[in-house]
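We count ligands from 1, going down the list as the structure has it; atoms in each ligand are counted the same way. Along the sequence shown, residues carry numbers from 1. Keep in mind that this is a model prediction, so the values were computed, not measured.
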Amino acid sequence: MYPASFDYHTPGSVQEAISLLGKLKDDAKLLAGGHSLIPMMKLRLAQPKHVIDLRKVPGLTGIKEEGSVVVIGTMTTHWQVESSKALQAKIPVVSEAAALIGDPQVRNLGTIGGSLAHADPAADMPAVMLALGAELVIEGAKGRRTVKADDFFKGLMTTAVGPDEILVEIRIPVPPAGSGASYQKFPHPASRFAVVGVCAALTVDAKGACAKAGVGVTGAGTKAVRARGVEAGLAGKTLDQPTIEAAAAKAADGVDVQADLQGSVEYKSHLCRVFAKRAVTEAVKRAS
Ligand SMILES: Cc1cc2nc3c(=O)[nH]c(=O)nc-3n(C[C@H](O)[C@H](O)[C@H](O)COP(=O)(O)OP(=O)(O)OC[C@H]3O[C@@H](n4cnc5c(N)ncnc54)[C@H](O)[C@@H]3O)c2cc1C
């Protein structure tokens, strides 16, 4: 199906895009890689009167290190994230998760910022950002503000980005020595979206105890969330198999698991536990 007709804008700067958003208000949608927006427009689930294409805006693409933080521009594609030497060396789980998104076409056009701003409940990156304690930089007419991943995902396809704002940057702290992280998902056989996906990011101290645990779950409910039960089950403990299993058993606790076409609440809760165990087990191996 063809989308409803719309006016197409190609701003040459972030400021120009923001001022267009301010002027056109709810009638406008930003276009990044188009791999969520265009399908929604074709299905007439979205019918913006104006599309503001970010692809000609300079400065929104790229991956750089700033001290102990890796900074990813919002328009950086999944493929660029997957193949980034800086990420592979410093925070490999981000590259690994990007490599599990969709297929080569999706990864070559879809962007990390588009994925986070869209906040599809089955998207992979939100779980990874929650586990790693990332920060999201949002720009609007009044300047930039930084939001923690914990405060970014508000609900079903709803984020902290306001109607006249743009997500411009993702900032991920480089985990200290003794850290390990893993993202494990049960992919939908057709789309590869996560039926359930779990990212575990752990830091182990010199005595072998868990100094820090971040665990993000996607696919289970209307938005990605921290699996606080798993985190509490790991924090301060020696990460042996019984501890990992007891913690992973709490993966669905406090998560608002929703039944959908992919499965019942019981089934998806089970997947949370299975994939939490796999993610934590692998993260522990990598941290040792
Ligand atoms: C067949 C298929 C399979 C897929 N499989 C997966 C998968 O396995 N895992 C997964 O995680 N995703 C998957 N996706 C989604 C894919 O990752 C998309 O790229 C992503 O969801 C949206 O990114 P985009 O750059 O294409 O954004 P767009 O589609 O261009 O935009 C999406 C939404 O975000 C808004 N937006 C975009 N950029 C910004 C910004 N900088 N600031 C504020 N708002 C912004 C847009 O206005 C729009 O509402 C799949 C998509 C397809 C078509």
Just to confirm my output: which protein heavy-atom neighbour is closest to [atom], and how far is it?
atom                    : value
atom 12 (N) of ligand 1 : F193 CE2, 3.2 Å
atom 9 (N) of ligand 1  : D124 OD2, 2.7 Å
atom 52 (C) of ligand 1 : V106 CG2, 3.7 Å
atom 25 (O) of ligand 1 : T111 OG1, 2.6 Å
atom 8 (O) of ligand 1  : R192 O, 2.7 Å

*Is it true that R286 and E282 make a salt bridge, defined as a side-chain N closer than 4.0 Å to a carboxylate O?*
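Yes, R286 and E282 are salt-bridged.
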
*Could K185 and D124 be called an ion pair, given the rule that one side-chain N must be under 4.0 Å from one carboxylate O?*
yes

Just heavy atoms, cut-off under 4.0 Å: does [X] contact ligand 1 by side chain, backbone, both, or neither?
X    : value
I101 : both
L54  : side chain
M75  : neither
K185 : side chain
T74  : side chain

*Could you tell me whether some N/O pair between S36 and ligand 1 is separated by less than 3.5 angstrom?*
yes

*ligand 1 contacted by H78 (non-hydrogen, < 4.0 Å)*: yes

Using atom types as modelled and distance alone, determine if a side-chain donor or acceptor of [X] lies under 3.5 Å from a backbone N or O of [Y].
X    : Y    : answer
T76  : G73  : yes
R107 : L100 : no
D260 : G263 : yes

_Option whose closest heavy atom lies nearest to atom 48 (C) of ligand 1, chosen from T76, I138, L30_ = L30

*Taking the minimum heavy-atom distance to atom 24 (P) of ligand 1, which of G33, S191, A98 ranks first?*
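Heavy atom nearest to atom 24 (P) of ligand 1 belongs to G33.
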
*Between D7 and V51, does a side chain to side chain contact (heavy atoms under 4.5 Å, CB included) hold up when you go through it step by step?*
CA-CA 6 Å; D7 288 339; V51 169; over 6 Å; no

*E135/V147 under side chain to side chain contact (heavy atoms under 4.5 Å, CB included): CA gap, chis, key distance, verdict*: CA-CA 6 Å; E135 293 184 331; V147 176; over 6 Å; no

_Quick test of your reading: applying ring pair (Phe, Tyr, Trp, His ring centres under 6.0 Å), list the pairs with at least one residue in residues 21-71, sequence neighbours left out, ordered by first then second residue._
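Every pair satisfying ring pair (Phe, Tyr, Trp, His ring centres under 6.0 Å) with a residue in residues 21-71: H9-H50.
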
